[in-house]
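Order of appearance sets the numbers: ligands from 1, and atoms from 1 within every ligand. Note: hydrogens, waters and symmetry copies are ignored here, and every other heavy atom, side chains too, is used.
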Amino acid sequence: MSVEKIAHIGIAVESIEKWISFYRDVLGLEYTGSEDVPEQKVRVAFLTIGESSIELLEPTSEDSPIAKFLETRGSGIHHIAIQVDDIEAALARHHDAGARLIDNEPRIGAHDMKIAFIHPKTSGGVLIELCQPSH
Ligand code: CO
């Protein structure tokens, strides 16, 4: 199992429409599209930065985890996504090390990536998303 790169940094915002112009027009990142992830009740917008991306996350319902995050912490960095080449092996390693997993099994996230979240209590306060392209 190898760790490949920071795939993206997830930033929770109340409105993608409101903040996209900063990231795209002012910061100058290339906007590559948006998609709804109904399972997580979010809409995401991706902006490329080198080999990585910024992922803006907007809640699509009041009971979205992102809505709860915004309520308690306000907008800001929500998670860091780390790309691995074998997410099942990575999860097994976390499990063996006693890490607290939010997902014991990978699920499908934006861009058809296999994803799994590691609890911030395990990582010094940062929500970590492991991800692996499913193709
Ligand atoms: Co993400």
Side-chain angles (χ1 to χ4, degrees):
M1 196 280 290
S2 71
V3 176
E4 297 178 332
K5 62 176 186 177
I6 291 180
H8 61 262
I9 296 173
I11 299 177
V13 294
E14 259 138 44
S15 160
I16 287 172
E17 198 189 346
K18 180 177 171 191
W19 292 105
I20 189 90
S21 63
F22 171 77
Y23 288 94
R24 185 190 52 205
D25 306 330
V26 183
L27 203 51
L29 307 184
E30 186 196 350
Y31 169 64
T32 57
S34 299
E35 76 183 87
D36 282 317
V37 186
E39 190 193 76
Q40 292 166 58
K41 297 175 180 167
V42 292
R43 179 163 183 77
V44 297
F46 280 97
L47 299 114
T48 303
I49 175 164
E51 289 201 328
S52 302
S53 301
I54 298 282
E55 178 188 67
L56 300 179
L57 302 128
E58 171 193 297
T60 52
S61 116
E62 277 174 19
D63 60 346
S64 161
I66 295 301
K68 281 173 202 145
F69 181 91
L70 290 168
E71 215 171 90
T72 55
R73 301 181 51 177
S75 62
I77 293 181
H78 176 261
H79 66 271
I80 295 177
I82 294 173
Q83 186 170 314
V84 296
D85 68 349
D86 185 342
I87 195 168
E88 282 85 1
L91 280 172
R93 191 158 89 185
H94 281 77
H95 180 265
D96 290 349
R100 194 161 146 194
L101 304 176
I102 293 173
D103 300 297
N104 289 306
E105 311 260 309
R107 52 196 162 107
I108 300 299
H111 290 175
D112 278 331
M113 299 272 263
K114 288 159 114 180
I115 65 166
F117 285 97
I118 311 299
H119 199 281
K121 283 234 155 76
T122 289
S123 56
V126 180
L127 177 62
I128 292 180
E129 173 187 343
L130 298 174
C131 63
Q132 179 191 349
S134 52
H135 50 77

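No more than 12 heavy atoms of other residues, nucleotides or ligands sit less than 6.0 Å from atom CD1 of Ile49.
The shortest heavy-atom contact between Glu51 and Lys5 is O-NZ, 2.6 Å. Of all heavy-atom pairs between Glu17 and Glu58, the closest is N-OE1, 4.2 Å.
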- Verdict with reasoning, Ile118 to Leu101, per side-chain contact (heavy atoms from CB on, under 4.5 Å): CA-CA 5 Å; Ile118 311 299; Leu101 304 176; 3.4 Å; yes

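Around the Co ion (ligand 1), the protein contributes the following N, O or S atoms under 2.8 Å, ordered by chain and number: His8 NE2, Glu55 OE1, His79 NE2, Glu129 OE1.
Counting heavy atoms from C-beta outward, Glu55 and His79 have side chains that approach closer than 4.5 Å. Residues Pro106 and Leu91 have side chains in contact (heavy-atom distance under 4.5 Å, counting atoms from C-beta outward).
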